[in-house]
Amino acid sequence: MEYNFREVEKKWQAYWAQNKTFKTENKSSKPKYYVLDMFPYPSGAGLHVGHPLGYIASDIFARYKRLKGFNVLHPMGYDSFGLPAEQYAIQTGQHPEITTKTNIARYREQLDKIGFSFDWDREVRTSDPHYYKWTQWIFIQLFNSWYNPETNKAEPITALINKFRSGTLAIDGGWGQVWDTLSEKQQSDILLNYRLAFLSDTMVNWCPQLGTVLANEEVKEGVSERGGYPVERKLMKQWSLRITAYADRLLNDLDALDWTESIKEAQRNWIGKSEGTSLKFKVQSSEFEIEVFTTRPDTIFGVSFVTLAPEHELVESLTTPQQKSAVDEYIIFAKNRSERERMADVKKITGVFTGSYVIHPFTGKQVPIWIGDYVLAGYGTGAVMAVPGHDSRDYAFASHFGIEKLIIIKPPADWNFEKNSYDEKEGTLINSDFLNGLEVKTAIKKIITAIEENELGKGKTNFRLRDAVFGRQRYWGEPIPVYYENGIPKVLNENELPLLLPEVDKYLPTETGEPPLARAKDWQYSPSPSERGQGGEVFPYEYSTMPGWAGSSWYFLRYMDAHNEKEFVSKEAANYWQNVDLYIGGAEHATGHLLYIRFWTKFLNDLGLIPVTEPAKKLINQGMIQGVSSFIYRLATNISYSGKQVDARCLPPESIPPIIISKILSEKLWNKSASFDEQVSLDNFLFQITKKLQEKNPEKIGEVKYNEVSPSYPIHVDVNFVHNNILNKSEFKEFKNGEFKEALFFDNENDDYICGSEVEKMSKSKYNVVTPDKIIEEQGADCLRLYEMFLGPLEQSKPWSTSGISGVSNFIRKLWRLYHTADWNISPLLRRGAGGEVISSEPATKPELKTLHKTIKKIGQDIENFSFNTSVSSFMICVNELTDLKCNKHEILEPLAILLSPYAPHIAEELWSKLGHTESIAYATFPVCNEEYLIESSFNYPISFNGKTRFFQEYNRSLSKEDVEKEVLTLDQTQKYLEGKAPKKVIVVHNKIVNIVV
RNA sequence: GCCCAGUUGGCGGAAUUGGUAGACGCGCUGGUCUCAAACACCAGUGAGAAAUCGUGCCGGUUCGACUCCGGCACUGGGUACCA
């Protein structure tokens, strides 16, 4: 009987669902283990083969941990707020909720087919009011908190008010003990400077096409991450989260995490801590001072100018009348220069002189003040002391405007200052007064002392990290639970949550440019008499919604207690599950999601709501599975058509069909240096085309010529029409609503059209998305699981290819046969499909036990090390060996089924039941390796000495660890033993020479 | 530019972390079976006639290097005027 995966997989999936095999309780005598996947955004394209990669890995681990006796939490949910559903709503008018529900249903169906061991009773959806109620609740906690630098944690804002009231803390600007005399508006404005969720005028990344602001993390190379639209800088009143308060803790706590070094590095760079000094320069004949931030105070004697950011507050005051028009012009220029333009021409140096000077604090010399947009307003103090000799940016600026360059550190002898500044942080100082002769490091210490003594500034730390913009001018997100009373932002009470997303007639901004929520009827707060006493009053709600990352910043906590209506997570559940033991997801979230989720975790911990300060102990990043796009090459021809030369692309499709040429031909057309032979064949080819077209349309077509400039262009073609790079022409006719129905193919090889191919990110627009459905349908879920693992190391990106899947498919068949064949003596040909279901109860032989225990050891190690790819190999070896040994013994096959169950759960369950078990294999215990079976009897082992390799017999010996340590020979000893004598016996344990008998 | 990761047969990738490089799978070649094909099974498969040579390139440490050290090249990812 051959293995019928369709029947078996269906059967067990139904069994698991019915029996709630993977339901997890919040109490257990077993130790807990939390395995979490980054939950998906349910997109319209469905789950593609890349998604399950991480899910399969985490499922293997979760199942393994269950077999190892852990109480495992392994949940799944959906990050269901987001842009694509809203974009779809704008185009079609369909409510994003409907789109989202449909997509989720499709995702669920696909996930179920793969046989994951998720506890679906704990499913969360970020767009579900039962969930976002608590996202809003956390926002309120953030609003009601401030960061106390003394205790170094978040505290209730009331504690701050008390400090202001009692005068223990001076209100900014040193107003003294006047808190209660201030108006409510004044108090609110002051508190906004402290709240962890706050409203402020911020420079934001505004994306006009999307009609919303974006976080820095959502902007890639000056365009939006989603959609790729240009992004510009704009000043807007915005909700932000004060993540910068946590910068130091986010940085320091990285060290203790078991995350990959590359993710930790990315976060370190993103936080960008830099230690330096603030330093004040007095402006000549004026009251003003310019404060700069520098990490190189040692270069103070090399300062030849000071540069301000165009947005710097002193720009106007410092500009002399003579320079005013030039400066004004420059400020306008800088403002209109969008972020993208600035990125595109980073090398372009722009700036203007203010006309004013500062006094150098140590030399007393005049130093000119310039404005330049290479200085960023948002970083440091928005002003720098320019040292053109030792900073490449200052160097470029000084060179461009002909400003003096001072050399104050001795560079290497061959250094050419005509070309480059000397930026290295090493060397001896020269021309630097009291710093002369000192090394850079010593000089830094000495100058900081001098600066502090003279009260010119002090040591200071800066972070690159910015506060996180939290408002989005979008519909499909969590409403921010805020209303405005006389312009003062106020949050809702807990019992007024959730603030439900209102219905709107359109998902676009209003005509006046307000966010879509402004379209909602009665989008205003009317407090019940119990809340506010009077009643009858109404206050407008906030129009913006939360960003996509809000709901995903705490979801790991909700899984612990998914149905709790009273709390976001109960104390008991949070104390029991602590944090995620293993988190698996893509590395692309390094500076976005993974930073925010750490921030919220720390905040919730500060409030004493959860016991942990980090969301995940261990993080594994699965690699991306790329798609292989296929291309056809369309000829951009000039055809004389009714006597006129026209580009074929401009002609109506019914008169000139698309001409598709081979890749080779396309490359030849582009290649200007084509040889004479090739030219001849090209002319011949064009002649053929002309002929063929004329056959179809004799009176209209004249001569066909190819476009010299761009002879052909590639078009993505749906990979489903392509097999082994050969295009299925009849299927292709339906592509893009029949645009290519009449296409003519010219391929000088034969009738098959060979497509070009390229590895790219899997995406709907590239027509290269491969879903797992087809493989599950044709080969089964276990095959997909094993194959995805077999593809290569989990963390490595790799293009999707099914070329090797037959190996895995064969393995599954061989495995099935192992449990079903009675007579080993019949020919292999007959054995296929023969035999009953006979498992022998005979005791296993030594070689059989060796094969089994070797596999137990290997699989255990592999899972612990996340090298799932080599496990699949080990299973293959194991099954091959057992087949060779004709082993059908219960003693061997039972533990083998358990080993396999994390990888191929369906077939493992089926075999398990054939072995006479009535309970799911999920309740079995992972077998233990007995090392005694693994010891080799003897084999040849080479020892190279004096350039010669000789082979010696290795003799088996059972040695304890202590024995090995005692007997391991040093190199000298080995040499001595071998000198001139042939050893009789060399004893090797685990490839280490432990003894030599001469 | 800076940071991180990587480079092993025709292909995906192994190598117990310094000890027989190429496990396992794909592909390919030959064979068995078949009227034939497919499936399955058996054998072979880094290069070379051989000695030998082979883990991106150059050099070093070592009895011994894919593995460790120094330099370079290329590929992929992240980031960018952060003072």
Side-chain angles (χ1 to χ4, degrees), chain A residues 220-222 260-270 272-274 276-277 292-297 299 307 309 342-343 346-349 372-376 378-387 390-394 396-397 423 462-466 587-588 590-591 621 623-624 626 759 786-787 790-793 795-799 801-811 813-814 817 827-833 857-858 861 867 869-878 880 939-949 951 971-972 974-975 978 988 990-993:
Chain A
K220 297 271 181 289
E221 286 163 16
T260 57
E261 208 41 53
S262 65
I263 294 278
K264 293 207 263 186
E265 262 314 294
Q267 293 214 347
R268 286 191 193 108
N269 292 339
W270 191 261
K273 184 175 183 167
S274 68
T277 320
V292 302
F293 174 76
T294 177
T295 55
R296 294 295 303 275
T299 59
T307 319
R342 279 175 70 166
M343 299 233 191
V346 162
K347 295 280 171 285
K348 192 173 170 188
I349 295 150
D373 70 353
Y374 79 100
V375 178
L376 303 177
Y379 183 79
T381 59
V384 299
M385 57 177 229
V387 185
H390 303 282
D391 181 290
S392 46
R393 293 153 306 180
D394 299 339
F397 194 85
D423 292 11
N462 259 323
F463 293 95
R464 201 190 81 109
L465 186 72
R466 287 299 119 81
E588 66 272 20
T591 54
N621 305 112
M624 202 181 12
Q626 294 133 321
V759 172
L786 287 166
Y787 184 62
F790 186 60
L791 221 47
E795 309 204 22
Q796 199 172 298
S797 287
K798 52 232 152 189
S801 145
T802 52
S803 64
I805 202 160
S806 62
V808 174
S809 186
N810 278 344
F811 159 76
R813 271 206 297 278
K814 282 183 196 165
R817 237 177 281 147
S827 78
L829 183 76
L830 293 173
R831 210 162 80 204
R832 173 160 45 102
K857 188 179 179 184
K858 186 69 179 17
Q861 284 174 348
S867 37
N869 54 330
T870 55
S871 317
V872 183
S873 298
S874 303
F875 282 128
M876 288 172 175
I877 296 167
C878 178
N880 284 343
F939 70 93
N940 280 326
Y941 189 80
I943 290 178
S944 295
F945 186 62
N946 287 348
K948 286 178 190 167
T949 303
F951 287 83
L971 247 168
D972 288 350
T974 314
Q975 286 184 17
L978 288 175
V988 177
H990 296 313
N991 282 343
K992 294 278 186 292
I993 304 163

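In what follows, chains are A, B, ... by sequence order, proteins preceding strands, each numbered from 1. What's counted below: heavy atoms across the whole structure, side chains too, no hydrogens, waters or symmetry copies.
- Backbone-only engagement by A:N880 is indicated by non-hydrogen atom pairs under 4.0 Å involving sugar-phosphate atoms exclusively.
- Listed by chain and number, the residues in a side chain to side chain contact (heavy atoms under 4.5 Å, CB included) with A:Q796 are A:P793 (sequence neighbours excluded).
- At a threshold of 4.5 Å between non-hydrogen side-chain atoms, the residues A:E588 and A:N621 do not count as touching.
- B:rA73 is paired with B:rU7 under the criterion used here, namely a Watson-Crick or G-U wobble arrangement in which both key atom distances are under 3.5 Å.
- Using a 4.0 Å heavy-atom criterion, one finds that A:N810 contacts the sugar-phosphate atoms exclusively.
- Separation of the C1' atoms belonging to B:rG12 and B:rG31 is 27 Å when rounded to the nearest angstrom.
- A 4.5 Å side-chain heavy-atom check between A:F790 and A:I805 finds every atom pair outside the cut-off.
- Nearest-nucleotide positions on RNA chain B place A:E261 closer to the 5' end than the other of A:M876 and A:E261.
- Nucleotide B:rG12: paired with B:rC24 (Watson-Crick or G-U wobble, both distances less than 3.5 Å).
- Taking 4.0 angstrom as the limit, A:Q796 places none of its side-chain polar atoms (N or O) nearer than this to OP1 or OP2 of B:rG77.
- Taking the P atoms as reference points, B:rU17 lies 26 Å from B:rU61, given to the whole Å.
- Within the nucleic acid shown, A:R268 has no heavy atom closer than 4.0 Å to any nucleic acid atom.
- Per the geometry, CG belonging to A:L791 stands 12 Å off C1' belonging to B:rC11, to the nearest Å.
- Across all strands, A:S801 comes closer than 4.0 Å to no nucleic acid atom at all (heavy-atom distances).
- The same atom, C1', is picked in B:rC28 and in B:rG9; the two are 13 Å apart, to the nearest Å.
- For B:rA36, there is no paired nucleotide, since no Watson-Crick or G-U wobble pair has both relevant distances below 3.5 Å.
- The distance between atom CH2 of A:W270 and atom P of B:rC2, rounded to the nearest whole Å, is 20 Å.
- Annotated as anti: B:rU75, whose O4'-C1'-N torsion sits more than 90° from 0.
- Considering SG of A:C878 and CZ of A:F811, their distance stands at 8.0 Å, rounded to 0.5 Å.
- Nucleotides B:rG54 and B:rG44, compared at atom P, are 26 Å apart to the nearest Å.
- Against the 90° criterion about 0, the sugar-base torsion of B:rG70 places it in the anti range.
- Within the shown strands, B:rU29 is the pairing partner of B:rA43 under the Watson-Crick or G-U definition, both distances less than 3.5 Å.
- Between A:F875 atom CZ and B:rG25 atom C1' there is a gap of 15 Å when expressed in whole angstrom units.
- Judged by Watson-Crick or G-U wobble contacts below 3.5 Å, the nucleotide B:rU55 has no partner.
- Note that CZ of A:F875 and NZ of A:K814 are 15.0 Å apart. Values are rounded to the nearest 0.5 Å.
- Using a 4.0 Å heavy-atom criterion, one finds that A:K814 contacts the sugar-phosphate atoms exclusively.
- Nucleotide B:rA83: unpaired (no Watson-Crick or G-U wobble partner with both distances less than 3.5 Å).
- Atom P of B:rG59 sits at a distance of 15 Å from the matching atom of B:rC66, rounded to the whole Å.
- Nucleotides B:rG19 and B:rC69 are separated by 15 Å at their P atoms, to the nearest Å.
- Here B:rG25 presents its C1' atom at 14 Å from CZ of A:R813, a figure rounded to the nearest Å.
- Atom C1' of B:rC39 sits at a distance of 37 Å from the matching atom of B:rU55, rounded to the whole Å.
- Classified by interplanar angle (parallel below 30°, tilted 30° to 60°, perpendicular above 60°), the ring pair A:F293/A:Y379 is perpendicular.
- Between A:Y374 and B:rA83, a side-chain N or O to OP1/OP2 separation shorter than 4.0 Å is absent.
- Base pairing annotation: B:rC63 forms a Watson-Crick or G-U wobble pair with B:rG19, both donor-acceptor distances under 3.5 Å.
- Side-chain atoms of A:S867 never come within 3.5 Å of backbone atoms of A:N869 as a donor-acceptor pair (strictly under, hydrogens ignored).
- If you take OG on A:S801 and OH on A:Y787, they are separated by 4.5 Å, rounding to the nearest 0.5 Å.
- A:S873 comes within 4.0 angstrom of a nucleotide base, judged by non-hydrogen atoms across all strands.
- Spacing between atom CG of A:D391 and atom C1' of B:rA83 amounts to 6 Å, rounded to whole angstrom units.
- For the C1' atoms, the distance from B:rA23 to B:rU8 is 13 Å, rounded to whole Å.
- Out of B:rG25, B:rA14, B:rC81, the shortest distance to the side chain of A:N869 is found at B:rA14.
- Comparing B:rC26, B:rG13, B:rA83 against the side chain of A:V384 picks out B:rA83 as the nearest.
- Residues A:M624 and A:E265 both approach RNA chain B. Their nearest nucleotides, taken by heavy-atom distance, put A:E265 toward the 5′ side.
- Following rounding to the nearest Å, A:K273 (NZ) and B:rA83 (C1') show an atom-to-atom distance of 18 Å.
- A:N269 places its CG atom 18 Å from the P atom of B:rG77, with the value rounded to the nearest Å.
- For B:rA83, the OP1/OP2 oxygens have a side-chain nitrogen or oxygen of A:S274 closer than 4.0 Å.
- In this structure, A:R296 atom CZ and B:rA83 atom C1' are separated by 11 Å, rounded to whole Å.
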